[in-house]
Structure formats: C-alpha cells, structure tokens
Amino acid sequence: MEKLRIGFLASHNGSNMQAIIDAIKKGELDAIPCVVISNNSNAYALERARREGIPAYHISSKHFETEEELDNAILETLLKHDVNIVCLAGYMKKVGSKVLRHFRNRVLNIHPALLPKFGGKGMYGKFVHEAVLKAGETQSGCTVHLVDEIYDHGRILGQKVVPVYPDDTVETLSARVLEQEHKLYPEVLQKIAKGEIQLD
Ligand code: GRF
C-alpha cells in the first residue's frame, strides 16, 4: 500500500487522534496526518489539529440541507487533501454512504470494548463501560475495526484486553481502556503501513 495519508473525523477530545499524530512524530508510525474534520466547532480535536499545523475543518449537518450534501462536502475535503485512509476518532456521526463507498475498507474506527460484545447503536462512551460493568465482565478492552454501514460491525483489525476489577467505576474502567486505545490505534495503522494487515 502507498504511504498512509490519514484523514481524521472527530467530534470531541481527539486524544486517539493525538496518539496517532504523536506516534508519527516519534517515527513509530509511517504515515502523514493530512486533515481533521469535525462536526463540532468546539471540538478540542480541531484545536489539536491547529496546534499541529494540520488543516482543520468544521463540517456540520447544520451547514447543509441534506445528509447527501454533508456526505459530499466531507468526501470533497478528504479528496482535496489526498487522503487514502480515514480514521474515526470519537466521531459521533454516522459516516455517509459516498465516503464509505469511496473509501471502502479504508475507514477505521476505535471502539472502547471487545467487539463483537458491547457494540451497536447507542453503545458509545460511558454507556459501553456501564454495560460491561453491569454484565459482570472480568475483562474489557478496545477494538480497531473497519467501518461499514452497520454500527461496530466491520472486520476487526486489532484488540487489546484490560482487566475489570470488582471496584471499578465507569471512570476507572474507561481510563484503563483509553490508555490501551492510545497504543492500539497507532499499532494497527503501522501494521497496515507495513503490509502486515491487508485491507482488501
Ligand atoms: C474513545 O473511547 C473511542 O473508543 C470512542 O470514542 C472515544 C474517543 O476519545 N470511539 P477521544 O476523542 O479520542 O479522546
């Protein structure tokens, strides 16, 4: 595969995006961060992008009449920056069908649980960790997977496992998982860059 040119879609903090950028800067990941797009003008991810000198765009459904126009605008922005892989990093919106079609098997997401468990619509953020604790799981973790039309459904590319302790809260568990997310996402991308994971 040609050198990875990453386009990020992020809605909030963007700590996973930052972990990927940091891995690139440290020479641990052979890739170029090309563009950051957020649906949320206040996303800290946009601020991180500006600090890193990466083009940053606020593209929201509020700017368009239809979902299709939004989808087109996101696709155009990704193409303008020559992106060849899209990383969702806490992106709270469904990716449009044109973007998915153009980047078939090239859109990745990170999920804060061990898919296929604890995924699907409504399973995001604290709801995931709440469900894991409620189910009495002794292990949780994170998953990097390909994105398709169904939530949290695409091919699993990598996972990391963490223990769940009896006295865990949503906060302690999510912090333990997030620490591993920051390692897993760059590692999976580097495997793709080296051809150890093939996306087709
Ligand atoms: C992470 O927990 C990720 O698994 C989920 O959303 C969260 C994003 O965090 N998809 P951040 O914006 O990368 O800090």
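Start at 1 and go down the list; that is how both ligands and their atoms are numbered.
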Got a salt bridge between [X] and [Y], using NZ or NE/NH1/NH2 to carboxylate O under 4.0 Å?
X: D30; Y: K194; answer: no
X: E187; Y: K191; answer: no
X: R106; Y: D200; answer: yes
X: K25; Y: E52; answer: yes

[atom]: the protein heavy-atom neighbour that sits closest, reported with distance to 0.1 Å:
atom: atom 10 (N) of ligand 1; value: I110 O, 2.8 Å
atom: atom 8 (C) of ligand 1; value: G90 CA, 3.6 Å
atom: atom 9 (O) of ligand 1; value: N16 ND2, 3.8 Å

If you count the atoms of ligand 1 from 1 in the order shown, which ones are under 4.0 Å from a heavy atom of S15?
->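 That gives atoms 11 (P), 12 (O), 13 (O), 14 (O) of ligand 1.
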
Any atoms of ligand 1 less than 4.0 Å from a non-hydrogen atom of N13? List them with their elements.
->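 Reading through ligand 1 atom by atom, the close ones are 12 (O), 14 (O).
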
Report yes or no: does A10 have a heavy atom closer than 4.0 Å to ligand 1?
->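 The answer is no: ligand 1 sits nowhere under 4.0 Å from a heavy atom of A10.
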
Return a yes/no value for G14: is any of its N or O atoms, backbone included, closer than 3.5 angstrom to an N or O of ligand 1?
->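 Yes, at least one N or O pair falls under 3.5 Å.
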
Any N/O pair M17/ligand 1 closer than 3.5 Å |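 In fact, backbone or side chain, M17 has no N or O that close.
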
Between Y57 and H81, is the ring centre distance below 6.0 Å?
->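 Here the rings of H81 and Y57 have centres that are less than 6.0 Å from each other.
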
Hey, do the aromatic rings of H145 and H153 have their centres closer than 6.0 Å?
->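 No, they do not, as the ring centres are separated by 6.0 Å or more.
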
Are F8 and V107 co-members of a hydrophobic cluster defined by side-chain heavy atoms under 4.5 Å apart?
->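 They do not share one cluster, since no chain of ILVMFWY contacts under 4.5 Å joins V107 to F8.
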
What part of E181, side chain from CB on, backbone N/CA/C/O, both or neither, has a heavy atom under 4.0 Å from ligand 1?
->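 Side chain only.
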
